[in-house]
Amino acid sequence: MRVLVCVKRVPDTGARFELTPDGRDIDTRNLEFTISPHEECAVEEAIRLVEQHGGESAVLTLGPEAAAEQLREALAKGIDKGVLLETDGSEWDPAATAQAIAQAVRELESADGPFDLVLFGNESADAGYYQVGVRVADALDRPCVAGVKGLKVENGKAQARREASGGWEIYELPLPCVVTVKEGINVPRHPSLRGIMTAKKKEIRRLTPEKPAMQLVKKGLRKPPERGGECEILGEGVAAVPKAVEKLKEIGVI
Amino acid sequence: MILGVIEHDRGKLNEASLEMLTLARALGSPVEAVLLGADAAAFQETLKEHGVSKIYEAKHEGLGDYAPRAWGKSVAQLVRAKNPRAVLAAGTDRGNEVMAHAGALLGVPVASNCTEIRPQDGVFEVTRLRWGGSLLEDAELRADPKLLTVAPHAVSAEPAPAPEIAVEAFSPTLEEADWRVRVVAREEREQKGVPLTEAKVVVGGGRGVGSAEGFKILEELAELLGGAVGGSRVATNNGWRPHSDQIGQTGVQIAPDLYIACGISGAIQHIVGVKGAKYILAINKDPEAPIFQRADFGIVGDLHEVVPALIEEIKKVKGK
């Protein structure tokens, strides 16, 4: 089977955000970049499906030239090919992003044949629009289900499991289809040293989509009010335990 | 007119829809609602109580159990017919999914997970969640019609009764392909103890716990306090806890009276999941760990020594 997985380059944030002086962006000068967590699982799922059924996998991203680094990450884990939809690095709204990805899928498919499955993360870690995968599915007129935490493909059908209050919902989709996944569907592998070496030789195809007018435009970022104030250090090691139990009594949990 | 998409599961209203209606009423009037695959009769009283003056009851064989595209396409068709100024849904899995389909069919983006909406001439200024709520984004929604989802718990649901409520039947045009993706089966989950999202006390473990085995003392502590156990992304990605126990941006968000963070450094992706906690007690070897900047109380020490001592002391106090 042929599987395409779409990912996004996002800063690896660690323990705190610093904003740029104009408040429009995250100050990424001291940060590494990575793939959004849900999408790391989408990459893993694509690799497993091809290991299981044979075929070929590809990874696609829309972003600046530097996003090739995230494609290499996926290639190092075992994805076969990369596709970079190169932009100037400015933000694209979800409608524009989906339009560019759908157009690229059409181009890739007319060259190499159709994808049985296109995978996305349920939402990107940074913008969190919760819609790009669904929009690509509608643009390509393919069935889609979002938020999937369990996926099986057999006999030309995909069975998808989604967590709902109190249990699981089961969906069935004919191939070709689009599925957006959530972290928890699998545990992503780390790339092997050999994988990292071979990734350097794998093909990355570059396309340059045209940027349409944006209809949802970021004006600035703010930090929400943070919880708590001063942390009262109760002490070190087991010596602090009696004081901690006093506090638990005070706040009424004992 | 402002249109609200009412979310339900097999006829049971999702309370997040009432929060959405509270925000919708601030945008203009009348506020009307669309209900897909359920009888208006069961919802009429509650929706009237929350300011809805008309329900569009969409009826079609393809709108039985939840079918994302059929629901989204029905919303898009109603929007074309009634031309509302704005369309809102709850920022839940279903709400975001249905609106994504509606937005794709109408050719407009969806401003998802808004906490504030400020209508201006022609554009809506919105504040929406980024990074799962660790950052707020101020953005301009320029598209027409305006499609938005409301972040759960951003506003509390306030009743504001409408004088009357009307019901209008509405028949969307759907093809079989629109409802071929639908819930075809369900599995109930077995629940042991208190669910993580409802527990008054949650004991969370991170990298410092070190193994699945290491969680045993956390479980004992949680049981003693009538609470539940959760984990950071490190704990679930290492397979020490099932993924459904993950607290954070890509897992569950909790709001207990007390959160005890054991061996958790305090990455943003985790903190966003516990910011609703009334009190946080952090236990960590590293006095520089960022978790101490978010906690109310801290113990600098090895959780493998501190937690068992805490268990003994609590037992003593409880007279066990």
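Here is the naming used below: chain letters follow the sequence lines, and residue numbers restart at 1 for every chain. Just so it is clear, the structure is predicted and the values come from calculations on it, not from any experiment.
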*Asks:* Under a 4.5 Å cut-off applied to non-hydrogen side-chain atoms, are I251(A) and D257(B) in contact?
*Replies:*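 SC-SC contact between I251(A) and D257(B) ruled out.
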*Asks:* Would you check if the side chain of R128(B) reaches a backbone N or O of G128(A) as a donor-acceptor pair within less than 3.5 Å?
*Replies:*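 Looks like yes, one N/O pair under 3.5 Å.
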*Asks:* Report yes if some heavy atom in the side chain of V187(A) is under 4.5 Å from a heavy atom in the side chain of N238(B); otherwise report no.
*Replies:*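 The answer is no, as the side chains (C-beta and beyond) never meet within the 4.5 Å cut-off.
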*Asks:* Minimum heavy-atom separation for V181(B) and P143(A), please, with both atom names.
*Replies:*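 Closest heavy-atom pair between V181(B) and P143(A): CG2-CB, 3.4 Å.
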*Asks:* Under a 3.5 Å distance rule, please check whether R135(A) uses its side chain to pair with a backbone N or O of G103(B) as donor and acceptor.
*Replies:*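 A pair under 3.5 Å: yes.
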*Asks:* Going through the distances and angles, do Y279(B) and E250(A) end up as a side chain to side chain contact (heavy atoms under 4.5 Å, CB included)?
*Replies:* CA-CA 11 Å; Y279(B) 294 96; E250(A) 260 175 59; over 6 Å; no
*Asks:* Between the main-chain N or O of A125(A) and the side-chain N or O of Q249(B), is there a donor-acceptor pair closer than 3.5 Å?
*Replies:*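 Yes; judged by distance alone, with no hydrogens or angles, the pair exists.
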*Asks:* Mind listing the closest non-hydrogen atom pair of H101(B) and D138(A) along with its distance?
*Replies:*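 Answer, listing the atom of H101(B) first, then D138(A): ND1-OD2, 2.7 Å.
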*Asks:* Output the distance between atom CG (L135(B)) and atom NZ (K223(A)), rounded to the nearest 0.5 Å.
*Replies:*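 Atom-to-atom, L135(B):CG and K223(A):NZ are 8.0 Å apart.
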*Asks:* Taking C-beta and beyond as the side chain, do Q246(B) and E183(A) meet within less than 4.5 Å on heavy atoms?
*Replies:*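 When only atoms from C-beta onward are counted, E183(A) and Q246(B) do touch, with a gap below 4.5 Å.
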*Asks:* Look only at the side chain of E188(B) and the backbone of G167(A), and say whether a donor-acceptor pair between them is shorter than 3.5 Å.
*Replies:*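 No; zero donor-acceptor contacts below 3.5 Å.
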*Asks:* Any heavy-atom pair between the side chains of S124(A) and W131(B) that's under 4.5 Å?
*Replies:*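 A side-chain contact is absent here, since even the closest heavy-atom pair is not under 4.5 Å.
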*Asks:* Quick check for you: among A95(A), G237(A), A244(A), which has the greatest number of heavy-atom pairs under 4.5 Å with chain B?
*Replies:*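 Counting heavy-atom pairs under 4.5 Å, the top option is G237(A).
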*Asks:* With a 4.5 angstrom heavy-atom cut-off, which part of P290(B) approaches chain A: side chain, backbone, both or neither?
*Replies:*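 Answer is side chain: those atoms of P290(B) sit under 4.5 Å from chain A.
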*Asks:* Do you know which of P37(A), G147(A), A98(A) has the most heavy-atom pairs under 4.5 Å to chain B?
*Replies:*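 Maximum pair count with chain B is reached by P37(A).
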*Asks:* Who wins among D9(B), N96(B), T149(B), I283(B) for the most heavy-atom pairs under 4.5 Å with chain A?
*Replies:*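 Looking at each of D9(B), N96(B), T149(B), I283(B) in turn, N96(B) comes out on top.
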*Asks:* Determine the minimum heavy-atom distance between E97(B) and A146(A), stating which atoms define it.
*Replies:*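 Smallest heavy-atom distance, with atoms named: OE2-N, 2.9 Å.
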*Asks:* Checking E140(B) against K219(A) for the salt bridge (Lys or Arg N to Asp or Glu O under 4.0 Å) test, could you report, in this order, the C-alpha distance in whole Å, the side-chain angles of both residues, the deciding distance, and whether it holds?
*Replies:* CA-CA 7 Å; E140(B) 227 174 65; K219(A) 292 291 171 184; 3.8 Å; yes
*Asks:* Between atom CG of L173(A) and atom CZ of R182(B), what is the distance when rounded to the nearest 0.5 Å?
*Replies:*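 Reported value, rounded in 0.5 Å steps: 13.0 Å.
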*Asks:* Which one wins on heavy-atom pair count under 4.5 Å against chain B: G220(A), A160(A), A240(A)?
*Replies:*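 Max contact count across the listed options: G220(A).
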*Asks:* Can you check whether V245(A) reaches K316(B) side chain to side chain, under 4.5 Å on heavy atoms?
*Replies:*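 The answer is no; the side chains never approach within 4.5 Å.
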*Asks:* Hey, are the side chains of V238(A) and I299(B) touching, using non-hydrogen atoms and a 4.5 Å cut-off?
*Replies:*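 The answer is no; the side chains never approach within 4.5 Å.
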*Asks:* What part of R94(B) gets within 4.5 angstrom of chain A, counting heavy atoms only: side chain, backbone, both, or neither?
*Replies:*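 Both backbone and side chain.
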*Asks:* Are side-chain N/O atoms of R130(B) and Y129(A) paired as donor and acceptor at under 3.5 Å?
*Replies:*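 A donor-acceptor contact under 3.5 Å links the two side chains.
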*Asks:* If every non-hydrogen atom of G133(B) is compared with every non-hydrogen atom of P224(A), which pair is closest and at what distance?
*Replies:*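 Shortest heavy-atom separation between G133(B) and P224(A) comes out as O-CG, 3.5 Å.
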*Asks:* Is E246(A) in contact with chain B via its backbone, its side chain, both, or neither, using a 4.5 Å heavy-atom distance?
*Replies:*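 Nothing of E246(A), per the 4.5 Å heavy-atom cut-off to chain B.
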*Asks:* Look up atom CE in M214(A) and atom CG in L141(B), then write down how far apart they are to the nearest 0.5 Å.
*Replies:*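 Answer for the CE-CG pair, M214(A) versus L141(B), is 13.5 Å.
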*Asks:* Under a 4.5 Å heavy-atom cut-off, does chain A meet the side chain of R186(B), its backbone, both or neither?
*Replies:*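 Both parts, heavy atoms under 4.5 Å.
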*Asks:* Using a 4.5 angstrom heavy-atom cutoff, name the option from P308(B), S134(B), P109(B), A139(B) with the most pairs to chain A.
*Replies:*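 Highest number of pairs under 4.5 Å: P109(B).
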*Asks:* Answer with side chain, backbone, both or neither: which region of I185(A) has an atom nearer than 4.5 Å to a non-hydrogen atom of chain B?
*Replies:*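 For I185(A), neither part sits under 4.5 Å from chain B.
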*Asks:* Can you tell me which of D65(B), L303(B), L258(B) forms the most heavy-atom pairs within a distance under 4.5 Å of chain A?
*Replies:*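 Winner by heavy-atom pair count: L258(B).
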*Asks:* Relative to chain B, which of A213(A), G184(A), P94(A) shows the most heavy atom pairs under 4.5 Å?
*Replies:*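 Between A213(A), G184(A), P94(A), the count favours G184(A).
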*Asks:* Does any heavy atom of chain A fall under 4.5 Å from the side chain of T127(B), the backbone, both, or neither of them?
*Replies:*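 The side chain, not the backbone.
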*Asks:* If we ignore hydrogens and angles and just use 3.5 Å, is the side chain of R294(B) paired with the main-chain N or O of C231(A) as donor and acceptor?
*Replies:*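 No: the side chain of R294(B) does not pair with the backbone of C231(A).
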*Asks:* Could you go through the salt bridge (Lys or Arg N to Asp or Glu O under 4.0 Å) check for D138(B) and R24(A) one step at a time?
*Replies:* CA-CA 9 Å; D138(B) 292 313; R24(A) 290 181 62 90; over 6 Å; no
*Asks:* By a 4.5 Å heavy-atom criterion (distance strictly below it), what part of A164(A) contacts chain B: side chain, backbone, both, or neither?
*Replies:*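 The answer is the backbone of A164(A).
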*Asks:* With only heavy atoms counted, which part of V306(B) is less than 4.5 Å from chain A, the side chain, the backbone, both or neither?
*Replies:*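 Both the backbone and the side chain of V306(B) come within 4.5 Å of chain A.
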*Asks:* Nearest 0.5 Å, what's the CG-CZ distance between L248(A) and F297(B)?
*Replies:*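 CZ of F297(B) is found 8.0 Å from CG of L248(A).
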*Asks:* Hey, mind stepping through R142(B) and D93(A) against side chain to side chain contact (heavy atoms under 4.5 Å, CB included) and telling me if it holds?
*Replies:* CA-CA 11 Å; R142(B) 297 175 179 167; D93(A) 76 25; over 6 Å; no
*Asks:* For residues L281(B) and K247(A), determine if any side-chain heavy atom of one lies less than 4.5 Å from a side-chain heavy atom of the other.
*Replies:*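 L281(B) does not reach K247(A) side chain to side chain.
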*Asks:* Which heavy atom in V241(A) sits nearest to a heavy atom in A309(B), and how many Å separate them?
*Replies:*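 What the structure gives for the nearest pair is CG1-O, 3.6 Å.
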*Asks:* Cut-off 3.5 Å, side chains only: do K149(A) and H243(B) have a donor facing an acceptor?
*Replies:*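 Their side chains do contain a donor-acceptor pair, which is all the 3.5 Å distance test asks for.
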*Asks:* Where does D126(A) contact chain B at under 4.5 Å (heavy atoms): side chain, backbone, both or neither?
*Replies:*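 Contact with chain B involves both backbone and side-chain atoms of D126(A).
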*Asks:* With a 4.5 angstrom heavy-atom cut-off, could you sort out which part of N113(B) is near chain A: side chain, backbone, both or neither?
*Replies:*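 Just its side chain gets close to chain A.
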*Asks:* Is V123(B) in contact with chain A via its backbone, its side chain, both, or neither, using a 4.5 Å heavy-atom distance?
*Replies:*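 For V123(B), no heavy atom lies under 4.5 Å from chain A.
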*Asks:* Might you point out which heavy atoms bring S112(B) and Q131(A) nearest each other, and give the distance in Å?
*Replies:*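 Minimum heavy-atom separation between S112(B) and Q131(A): OG-NE2, 4.2 Å.
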*Asks:* When heavy-atom pairs shorter than 4.5 Å are enumerated against chain A, which of V300(B), V108(B), D178(B) gives the highest number?
*Replies:*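 Ranked by contacts with chain A, first place is V300(B).
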*Asks:* Check the surroundings of atom NZ in K211(A): do more than 12 heavy atoms from other residues, nucleotides or ligands lie under 6.0 Å from it?
*Replies:*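 Yes, enclosed.
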*Asks:* State, with a plain yes or no, whether a side-chain heavy atom of E232(A) is found less than 4.5 Å away from one of D296(B).
*Replies:*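 With C-beta onward as the side chain, the pair stays apart.
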*Asks:* Carefully, step by step, assess L221(A) and L136(B) under the rule side chain to side chain contact (heavy atoms under 4.5 Å, CB included).
*Replies:* CA-CA 6 Å; L221(A) 296 175; L136(B) 299 175; over 6 Å; no
*Asks:* Sort K218(A) into side chain, backbone, both or neither according to what part of it lies under 4.5 angstrom from a heavy atom of chain B.
*Replies:*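 Backbone plus side chain of K218(A), per the 4.5 Å heavy-atom cut-off to chain B.
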*Asks:* Identify which of G301(B), A100(B), A282(B) forms the greatest number of heavy-atom pairs closer than 4.5 Å to chain A.
*Replies:*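 Counting heavy-atom pairs under 4.5 Å, the top option is A100(B).
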*Asks:* Pair K249(A), V317(B) - check side chain to side chain contact (heavy atoms under 4.5 Å, CB included), show working.
*Replies:* CA-CA 9 Å; K249(A) 275 201 255 174; V317(B) 170; 3.7 Å; yes
*Asks:* What part of I291(B) is in contact with chain A, defined as an atom under 4.5 angstrom from a non-hydrogen atom: side chain, backbone, both or neither?
*Replies:*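 Neither part.
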